[in-house]
Amino acid sequence: MNRRDTRTPLHRAMGLGSAKDYTAHWWSQRVSAVALVPLLLWFTASLIALAGGDYQAFIAWLQEPLTTILMVLLLIALFRHTVLGLEVIVEDYIHSRGLKVIAIVLIQFSGFALAVAGILAILSIAFGR
Amino acid sequence: MVAQTRPRSPHVQIYRPQLTSVLSFSHRLTGIALSIGSVLLVIWLIAAASGAPTYAGLQAFLDSWLGLALLFVWTFSLFYHLCNGIRHLFWDGVYGLELGPIYLSGWAVVLASVALTLTAWIAGIIMVL
């Protein structure tokens, strides 16, 4: 086959197939996964190091510039990966078109809102409310 | 779509569980658990940004038996999903897809997840004491 896209014009227009268009999704999932490996290892190690410490110690840690940056990156990668993963689950189990749209919209909204909320919380601590 | 009311032959109920299928399902299940955990992560950050009293309230819940149990489940889910995720990334590189390596890496993932979870918790307990 020499054509890049072997779908018929009608197929392309209607976007048939449960995932519609998967390549970008697939790459984004892998890229966010690769980012999450070091970020989560750092995060877990940091939490263990902070264990038993008090509120002030936690705030001081969050206010360190490197921590602030890595926490923001962590949230971005985490919610990207989470939303993509949940979308795959929706595609696998929800077949009603209406329910699927509602589910995906909810997942996208929640993921984005939670990421923004988390980043704003981190920044408000970092810049010392 | 009309609801399917025809009887179907048993599949999930009758197919013998194997390491491959169990680990695959666990990857999805831990992914869902981690998604729920990510909500708690943001709540935790917002609590920290809201000041010491609010943070203390959340910390009290996390120190309770229920809170600790949830954290334990979350850390195991994290390490399992992380290790199995790395296994997936190797597969994406078309590496280790033969049955022998799949079983070997599968058991390695289970062992590593348990080991990492126990190490993290023992380290955390040592830090607190």
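Of the listed residues (D54(A), L86(A), V88(A)), the one with the most heavy-atom contacts under 4.5 Å to chain B is L86(A). With respect to chain A, the highest number of heavy-atom pairs below 4.5 Å among A47(B), A120(B), A56(B) belongs to A120(B). Chain A forms the most heavy-atom pairs under 4.5 Å with one residue out of D92(B), L82(B), I125(B), and that residue is D92(B).
The CD1 atom of I102(B) sits 13.5 Å away from atom CZ of F90(B), with the distance rounded to the nearest 0.5 Å. Interatomic distance, CD1 of I125(A) versus CG of L120(A), reported as 11.5 Å (0.5 Å rounding). Going from atom CG of L41(A) over to atom CZ of F79(B) covers 7.0 Å, rounded to the nearest 0.5 Å. Within the model, atoms CD of Q63(A) and CD1 of I122(A) stand 12.5 Å from one another, a figure rounded to the nearest 0.5 Å. One distance of note links NE2 of H81(B) with OG of S26(B); it measures 11.5 Å at 0.5 Å rounding.
At least one donor-acceptor pair under 3.5 Å links the side chain of T117(B) to the backbone N or O of S113(B). Within the 3.5 Å criterion, the main-chain N or O of W27(A) finds no donor-acceptor partner in the side chain of Q29(A). In this structure, the side chain of S105(B) engages the main chain of P101(B) through a donor-acceptor pair within 3.5 Å.
Using a 4.5 Å cut-off between heavy atoms, L123(A) does not touch chain B at all. Neither the backbone nor the side chain of L129(B) comes within less than 4.5 Å of any heavy atom in chain A. If you measure heavy-atom distances from I46(B) to chain A, the contacts under 4.5 Å come from both the backbone and the side chain.
For residues 27-42 of chain B, heavy-atom neighbours of chain A at less than 4.5 Å comprise R28(B), I32(B), S35(B), S38(B), V39(B), L41(B), V42(B), sorted by residue number. Interface residues of residues 110-119 of chain A toward chain B, defined by a heavy-atom distance below 4.5 Å and sorted by number: L114(A), A117(A), G118(A).
Between M71(A) and L45(B) the shortest side-chain heavy-atom distance falls below 4.5 Å. Between L70(A) and F43(A), the closest side-chain pair of non-hydrogen atoms is not below 4.5 Å. Proximity of S46(A) to W61(A): side-chain heavy atoms (C-beta onward) are separated by under 4.5 Å at one or more points.
Under the 6.0 Å cut-off for aromatic ring centres, W44(B) and F58(A) qualify, their centroids lying closer than that.
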